[in-house]
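This report concerns only the one structure given below.
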Amino acid sequence: MAPLARIRDSFTASVAGLPRPFWFLWAGTFITRAGSFVLPFLALYLTQVLHLSLSRAGLVIALYGAGGAIAGPVGGFLADRVGRRFTMVLALAVGGAGMIALGMMHRVEWIASTLFVVALVTEMYRPAAQAAISDMV
């Protein structure tokens with residue numbers, strides 16, 4: 001058997017027993033992680049279009065990290081108190097709307113504040129999804 005076929009068969013055997021809802025949670029995690037791919041392009045936009053210095057652009061991008069750091073405990077609290085599904089739906093819906101709104105911003109002040117809120121809301125998905133996966137699997 002070819003090495004690639006062995007790898008494929010091993011991967012298929014390891015994920016074959018996972019329940020269908022797991023794959024929906026996996027897809028939601030993929031969507032939220034793909035949304036953070038906007039950060040490198042935002043850095044280019046801030047420096048090349050808005051002519052911010054690298055240090056100021058870095059500070060604006062750092063707000064995403066600050067929002068993400070706060071989002072973990074907030075998301076875990078909401079997942080435990082309000083429910084995992086509600087927290088995940090809230091994070092996906094409001095986070096997606098926030099990303100669309102972020103694309104319409106042209107002032108640094110609005111971009112910075114929106115980026116913080118988008119990170120706060122979007123990253124709330126992860127604790128709820130991880131708790132739901134642990135409940136399921």
What I'd like to find out is whether the side chain of [X] reaches to under 4.5 Å of the side chain of [Y], using heavy atoms alone.
X	Y	answer
Met88	Arg126	no
Leu46	Arg56	no
His51	Thr47	no
Val82	Phe77	no

Taking all non-hydrogen atoms of both residues, which atom of [X] and which atom of [Y] are closest, and how far apart?
X	Y	value
Val121	Ala91	O-CB, 3.2 Å
Pro73	Ala69	CD-O, 3.4 Å
Pro127	Ala71	CG-O, 4.4 Å
Pro21	Met136	CB-SD, 3.7 Å
Glu123	Gly68	CG-CA, 3.9 Å
Ala129	Leu25	O-CD1, 4.2 Å

Roughly how far apart are [X] [atom1] and [Y] [atom2], rounded to 0.5 Å?
X	Y	atom1	atom2	value
Leu120	Leu115	CG	CG	11.5 Å
Ile31	Met99	CD1	CE	12.5 Å
Met105	Ile111	CE	CD1	8.0 Å
Met124	Leu78	CE	CG	5.5 Å
Leu59	Leu54	CG	CG	11.0 Å
His106	Tyr45	NE2	OH	5.5 Å

Test your reading of the model: is there a side-chain donor-acceptor pair from Thr122 to the backbone of Ala119, 3.5 Å cut-off?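 Not confirmed, Thr122 side chain does not pair with Ala119 backbone.
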
Given the rule that I, L, V, M, F, W and Y join up when any side-chain heavy atoms are under 4.5 Å apart, are [X] and [Y] in one cluster?
X	Y	answer
Val118	Val108	yes
Ile133	Leu92	yes
Val117	Leu90	yes
Leu52	Leu39	yes
Phe116	Leu102	no

Hey, can you tell me if Trp23 and Trp26 have their rings parallel, tilted or perpendicular (30° and 60° cut-offs)?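 Perpendicular: the ring planes of Trp23 and Trp26 meet at over 60°.
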
Could you give me the CA-CA distance, side-chain angles and deciding distance for Thr87 and Tyr125, then say whether side chain to side chain contact (heavy atoms under 4.5 Å, CB included) is met? CA-CA 7 Å; Thr87 305; Tyr125 180 86; over 6 Å; no

